[in-house]
Number of protein chains: 2
Amino acid sequence: MSPARPAPSSLDVVFAALSDPTRRAVVERLRLGPATMTELATPLAASLPALTKHLSVLQRAGLVATAKRGRQRYCTLTAAPLRDAAAWLAEYGAYWDERLGALTTYLKENP
Amino acid sequence: MSPARPAPSSLDVVFAALSDPTRRAVVERLRLGPATMTELATPLAASLPALTKHLSVLQRAGLVATAKRGRQRYCTLTAAPLRDAAAWLAEYGAYWDERLGALTTYLKENP
DNA sequence: ACAATACTTCACCACATGGTGAAGTGACAA
DNA sequence: TTGTCACTTCACCATGTGGTGAAGTATTGT
């Protein structure tokens with residue numbers, strides 16, 4: 001991948017963030033409300049260094065916002081990027097309906 | 001990641017497959033109908049070795065099926081796994097965005 | 001003051017990904 | 001038969017990921 005990669009789009013990092021089961025579990029947990037790092041780590045049986053890395057990935061994807069309060073770090077969901085990813089996928093919900101039509105068109109144009 | 005990783009779930013590989021812009025472009029192109037490897041590679045300015053790798057990722061994710069015909073390889077979308085990913089996202093997106101309520105409804109009514 | 005708590009940061013390691021150029025394979029065309 | 005086309009496979013490389021244990025940094029409790 002050496003030569004001049006373009007800046008990753010938001011879809012890139014969002015989908016990449018969601019490709020890990022631990023991070024999806026974090027998102028699921030945060031749906032119930034904010035949580036600290038140890039509150040996230042304990043039920044997932046994840047170490048704190050590992051969770052710190054996961055959180056930074058989720059943060060880079062814009063899926064999670066954090067705020068330090070005292071010596072604790074509170075994490076909350078910021079789901080706006082999920083909307084973009086879902087919108088991309090939603091087009092393929094429409095794909096199901098138009099599938100036969102597209103195939104028909106294709107066969108008409110490529111006999 | 002050394003110690004005993006569990007088998008990746010289908011969501012893992014589907015989201016990972018979608019995290020690359022070239023592969024998303026392949027999916028978008030295949031929405032219009034089947035295509036051969038060179039037909040996919042040319043507009044994306046991708047080399048054939050690179051595209052072969054991308055295709056194997058998409059195939060492992062169950063997003064694309066291929067059939068050899070003569071010396072050409074025809075690729076088609078098999079979008080069933082996209083629905084699982086969309087369903088996962090819809091659950092979390094619908095909480096914030098009305099537009100995704102429509103997707104949730106769609107997935108509920110088209111099981 | 002001292003110690004515990006809640007994290008973070010720092011090397012590391014193993015492995016997967018995404019790319020390359022060059023060589024190999026099988027089907028078709030001249 | 002000979003060559004070309006459509007790919008695939010083969011090293012190889014650079015980078016990113018996900019994990020670890022150990023050490024470091026604040027903040028808080030006693």
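Any value given below was found using the heavy atoms of this structure, including those in side chains, with hydrogens, waters and symmetry copies removed. Numbers restart at 1 for each chain; the letters A, B, ... are given by sequence-line order, proteins then strands.
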(message) Can you list everything that forms a side-chain contact (heavy atoms from CB on, under 4.5 Å) with A/Thr76? Sequence neighbours excluded, please.
(response) A/Pro34, A/Ala65

(message) As an exercise, state the distance from OH of B/Tyr74 to CG of B/Leu30, rounded to the nearest 0.5 Å.
(response) 13.0 Å

(request) Check whether any side-chain nitrogen or oxygen of A/Thr38 sits under 4.0 Å from OP1 or OP2 of C/dT5, and answer yes or no. (result) no

(message) Taking 4.0 Å as the cut-off, does a side-chain nitrogen or oxygen of B/Arg73 come that near to OP1 or OP2 on D/dA6?
(response) no

(message) So, using side-chain contact (heavy atoms from CB on, under 4.5 Å) as the criterion, who are the partners of B/Ala50 when residues are at least two apart?
(response) B/Ser47

(request) List in numerical order all residues of residues 40-60 of chain A for which some heavy atom is under 4.0 Å away from an atom belonging to DNA chain C. (result) A/Leu48, A/Pro49, A/Thr52

(message) Less than 4.0 angstrom between a side-chain N/O of B/Arg23 and OP1 or OP2 of C/dT17, yes or no?
(response) no

(request) Mark yes or no for whether A/Arg23, through its side chain, and A/Ala16, through its backbone, hold a donor-acceptor pair below 3.5 Å. (result) yes

(request) Nearest whole angstrom, please: distance from the P of D/dG18 to the CZ of A/Arg24. (result) 11 Å

(message) Can you see if the side chain of A/Thr36 gets near the phosphate of C/dC7 - specifically, an N or O under 4.0 Å from OP1 or OP2?
(response) yes

(request) Provide, to the nearest angstrom, the distance between the CE atom belonging to B/Met37 and the P atom belonging to C/dG26. (result) 17 Å

(request) For A/Gln59, check side chain to side chain donor-acceptor pair (under 3.5 Å) against everything at least two apart and list the hits. (result) A/Thr66, A/Arg73

(request) Measure the CG-CZ distance between A/Leu18 and A/Arg24 for me, rounded to the nearest 0.5 Å. (result) 7.5 Å

(message) What is the separation between atom CG on B/Asp12 and atom C1' on C/dC15, rounded to the nearest whole Å?
(response) 16 Å

(message) Output the rounded distance in Å from CD (B/Glu39) to C1' (D/dA6).
(response) 11 Å

(request) Using side-chain contact (heavy atoms from CB on, under 4.5 Å) as the criterion, list what pairs up with A/Arg60, not counting sequence neighbours. (result) A/Ser56, A/Val57

(message) Please find the pair of heavy atoms, one from A/Ala61 and one from A/Pro81, that lie closest to each other, and give the distance.
(response) O-CG, 3.5 Å

(message) List the residues meeting side chain to side chain donor-acceptor pair (under 3.5 Å) with A/Glu39, not counting sequence neighbours, and say none if there are none.
(response) none

(request) Using heavy atoms to find the nearest nucleotide of DNA chain D for A/Asp20 and B/Gln72 separately, return the residue whose nucleotide is more 5′. (result) B/Gln72

(message) Each nucleotide in nucleotides 23-30 of chain D should get exactly one letter: B, S or -. Can you fill that in based on protein heavy atoms under 4.0 Å?
(response) ----BS--

